[in-house]
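Inspection log for the structure reproduced underneath, given as structure tokens.
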2 protein chains.
Amino acid sequence: MTDINKDKVDIFAVAKRAKVSISTVSRSFNHPNLVNLATRKKIDTAVRKLGYIRNRAAQTMHGIRSGTIGLVVPTIDHAIFAEVIQAFSDSVDEHGFTILIASHGYDLEREYAVLRKFLEHRVDGVALIGEDHSEETYDLIERQDIHAISLWNYNEDSRLSCVGSDNKLAGNLAAQHLIDLGHLKIGLVFPPTVDNDRARDRRNGAQSVLTKGRAQVYPQWDIESTYSIADAKDAALRILKTEHRPSAILCGNDVLAMGVLYAARSCNLNIPEDLSIIGIGDFKGSNEVEPGLTTIRLPAREIGRQAGEYLSLSIIGKSVGRRRVSCNIELIIRGTCKPNS
Amino acid sequence: MTDINKDKVDIFAVAKRAKVSISTVSRSFNHPNLVNLATRKKIDTAVRKLGYIRNRAAQTMHGIRSGTIGLVVPTIDHAIFAEVIQAFSDSVDEHGFTILIASHGYDLEREYAVLRKFLEHRVDGVALIGEDHSEETYDLIERQDIHAISLWNYNEDSRLSCVGSDNKLAGNLAAQHLIDLGHLKIGLVFPPTVDNDRARDRRNGAQSVLTKGRAQVYPQWDIESTYSIADAKDAALRILKTEHRPSAILCGNDVLAMGVLYAARSCNLNIPEDLSIIGIGDFKGSNEVEPGLTTIRLPAREIGRQAGEYLSLSIIGKSVGRRRVSCNIELIIRGTCKPNS
DNA sequence: CTAATTTATGAAAACATTTGCAATACTATT
DNA sequence: AATAGTATTGCAAATGTTTTCATAAATTAG
């Protein structure tokens with residue numbers, strides 16, 4: 001077999017084998033134009049024979065970028081975050097970055113801990129979801145002066161650069177659609193809003209329009225459900241089984257809306273004849289359910305892509321300063337809402 | 001404010017401020033029992049005041065583990081991989097590892113490139129999905145002698161350690177269930193099987209049972225669909241619209257089954273009266289759809305968790321050698337299949 | 001044919017740590 | 001009080017690179 005020098009395949013081994021100095025080897029990687037083609041070839045074959053792989057840790061020590069970006073999400077296992085993560089990852093990948101990822105399960109203390117860990121790894125930048133973070137977290141980011149960006153929510157007063165959509169507006173639009181259709185008895189299914197600005201904004205946005213529109217939201221129609229179809233279905237069953245039920249239900253996101261839809265079906269209610277349902281998000285599958293889910297589309301992939309792009313450029317130095325990008329949202333009318341009769 | 005020495009908060013700065021040598025500072029982190037409590041406290045306050053964060057890159061250069069594990073997946077944006085990733089991440093996190101993640105979009109060349117990149121970052125271990133990898137990839141893993149594990153598929157002859165389920169058996173079980181119910185005209189909706197051993201195994205598993213059971217699978221009922229509800233729905237519509245349609249459809253995974261379910265609904269077919277549907281996976285929501293999806297449960301979280309645990313231990317040195325873990329699968333009977341009349 | 005460039009290479013310092021070894025100070029034992 | 005041990009600390013070498021500076025060789029110009 002090729003003689004792999006089992007012990008220590010470092011730049012010295014390569015240099016020795018190629019009969020040049022380590023400086024030349026290093027140069028042939030970093031500034032190939034400064035080294036003679038012939039020697040470069042010698043080095044190349046040595047690298048190949050030895051199976052040498054550069055050590056980024058050693059490079060990082062020279063102030064050279066680590067080539068990593070830390071991404072902290074509440075949870076990976078969400079239809080919606082998965083989509084953002086994918087787009088973000090693809091986008092930074094194009095600039096040569098690799099992502100370190102960790103989830104904190106909606107626990108801001110853990111988020112802080114994760115961020116610290118990332119900084120130990122000397123990530124070149126970090127991306128967080130939303131704007132609810134502990135003061136310690138914001139402090140750390142500012143003190144360490146690290147490139148940072150907040151994804152998913154847009155806020156013109158954001159403390160960090162942000163790329164996202166206006167979740168309050170999303171709530172507004174959803175509620176307005178129901179009001180426009182003449183619904184006045186409206187149920188609400190939302191996830192917990194503590195430490196979750198996105199959900200909070202949507203909820204507030206919806207509430208304010210409903211109040212203005214003189215809609216009724218009886219407390220027993222106002223239900224909290226974790227992000228899970230199963231939970232939402234259970235929650236919805238509680239609303240729907242009361243004899244006095246709303247004519248429409250507004251959901252904090254499409255997964256919850258799916259749960260409500262299934263709950264309705266299991267109660268033998270026809271959608272949208274007996275109940276209108278509107279979601280927020282426009283997740284995969286929302287278009288395909290029968291009937292198609294009426295919802296507010298949030299451009300997840302677009303947000304991930306733009307955030308990755310901006311953060312990369314900002315690290316590379318081609319873009320500077322804070323920036324706030326608002327990604328458009330829109331009402332997608334499908335089959336789960338109809339005018340109230 | 002606290003005086004953060006903007007330029008260079010390294011171990012020297014801490015040492016200086018705490019009036020000790022850098023060795024002592026280093027020791028107080030790595031072997032706290034070797035340093036006096038009083039000095040440890042001095043160091044601690046210095047660290048706090050300066051906002052010092054250790055540099056793992058520098059540590060890594062001493063043969064100390066980097067504390068990272070590379071996870072290479074075909075795509076992050078899949079209900080099922082998201083779940084595995086989450087469980088894997090949580091599991092390795094408990095041992096202090098952080099994951100580097102990248103997707104290759106079912107392109108094995110890219111997978112190899114990603115693996116190389118991970119090795120440059122000196123990950124302590126890598127996890128790959130399935131067993132279809134390029135020879136180069138396997139080669140690299142063996143040559144670099146890095147801790148590696150393959151997730152998701154179980155195979156007693158696997159080249160790497162593996163934690164997963166027997167996908168062939170999953171196919172067997174699904175097909176057998178349909179045969180047991182008396183179905184003989186069966187449609188198939190599967191994802192592309194090139195470079196995807198999981199899908200291939202399921203398909204082969206299903207086929208062999210169907211053949212043995214003398215079921216008919218006309219070519220026009222044997223459809224390929226990418227992993228997407230939308231695609232699967234379209235594909236299914238093509239099968240269902242022919243006058244001569246199967247009495248049951250077996251799907252390569254639950255997402256595809258969902259698509260088929262919606263397609264059936266949009267054709268006004270009653271499930272399971274007019275058509276039986278069986279999936280593989282038991283994803284989130286499969287239980288909640290109406291009717292609940294009959295499927296083969298693959299324990300995604302369990303696989304992720306066990307893989308993370310095993311890989312961590314193997315890196316830490318508490319476990320050695322190849323190991324193959326088979327996670328149980330089971331038929332989950334819900335509402336989408338009924339005996340053929 | 002010599003001087004002035006340009007091209008190609010190597011030596012050594014720098015990067016931020018860890019750790020083996022040696023030195024010092026303190027405590028317990030006889 | 002002297003000896004042996006133990007606890008605590010510092011010095012300096014080592015880790016795997018990159019990069020500055022210096023030097024040597026090759027090329028071009030005059």
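All values below come from the heavy atoms of this structure, side chains included, with hydrogens, waters and symmetry mates left out. Below, read A as the first sequence line, B as the second, and so on, with proteins coming before strands; counting in each chain starts at 1.
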- [ ] Answer yes or no: does atom CD of B:Glu156 have more than 12 heavy-atom neighbours from other residues, nucleotides or ligands under 6.0 Å?
- [x] no
Task: Other residues, nucleotides, ligands: >12 heavy atoms within 6.0 Å of A:Arg301 CZ - done: yes
If I take atom [atom1] from residue [X] and atom [atom2] from residue [Y], how far apart are they, to the nearest 0.5 angstrom?
| X | Y | atom1 | atom2 | result |
| --- | --- | --- | --- | --- |
| A:Asp132 | A:Asn153 | CG | CG | 8.5 Å |
| B:Ser326 | B:Gln306 | OG | CD | 10.0 Å |
| B:Gln59 | B:Ser26 | CD | OG | 8.0 Å |
| A:Leu115 | A:Leu140 | CG | CG | 5.0 Å |
| A:Arg122 | A:Leu119 | CZ | CG | 7.5 Å |
| A:Gln86 | B:Ser103 | CD | OG | 4.0 Å |

Task: Divergence of helical axes at both termini of the helix from C:dC1-D:dG30 to C:dT30-D:dA1 - five pairs an end, 10° steps - done: 40°
- [ ] Would you mind listing every ring pair (Phe, Tyr, Trp, His ring centres under 6.0 Å) that reaches into residues 124-143 of chain B, with sequence neighbours excluded?
- [x] B:His133-B:Tyr138
Open item on the list: Show every ring pair (Phe, Tyr, Trp, His ring centres under 6.0 Å) that has at least one partner inside residues 98-117 of chain B, sequence neighbours left out.
Closed with: none
- [ ] Please say whether the positively charged group of B:Arg324, taken as NZ for Lys or CZ for Arg, lies over the ring of B:Tyr154, i.e. under 6.0 angstrom from the six-membered ring centre and within 45 degrees of the axis.
- [x] no
- [ ] For DNA chain C, note the earliest and the latest nucleotide, 5' to 3', having some atom under 4.0 Å of a heavy atom belonging to chain B.
- [x] C:dA16 to C:dG20
Task: Candidates B:Lys42, B:Arg48, B:Lys41 - the one meeting salt bridge (charged side-chain N to carboxylate O under 4.0 Å, His left out) with B:Asp44 - done: B:Arg48
TODO: Please state how far atom CG in A:Leu50 lies from atom P in D:dG16, giving the value in whole angstrom units.
DONE: 14 Å
Open item on the list: Within the 4.0 Å heavy-atom criterion, would you say B:Tyr52 contacts the bases, only the backbone, or no part of the nucleic acid?
Closed with: sugar-phosphate
- [ ] List the protein contact pattern of nucleotides 4-12 of chain D with one symbol per nucleotide (5' to 3'): B for base contact, S for sugar-phosphate-only contact, - for none; contact means a heavy-atom distance under 4.0 Å.
- [x] ----SBBBB
TODO: Check the pair B:Asp10, B:Arg54 against salt bridge (charged side-chain N to carboxylate O under 4.0 Å, His left out), reporting the backbone distance first and the verdict last.
DONE: CA-CA 8 Å; B:Asp10 56 8; B:Arg54 300 213 275 166; over 6 Å; no
- [ ] Within residues 58-69 of chain A, find the residues that approach DNA chain D with a heavy atom at under 4.0 Å, and present them sorted by residue number.
- [x] A:Ala58, A:Gln59, A:Met61, A:His62, A:Ile64
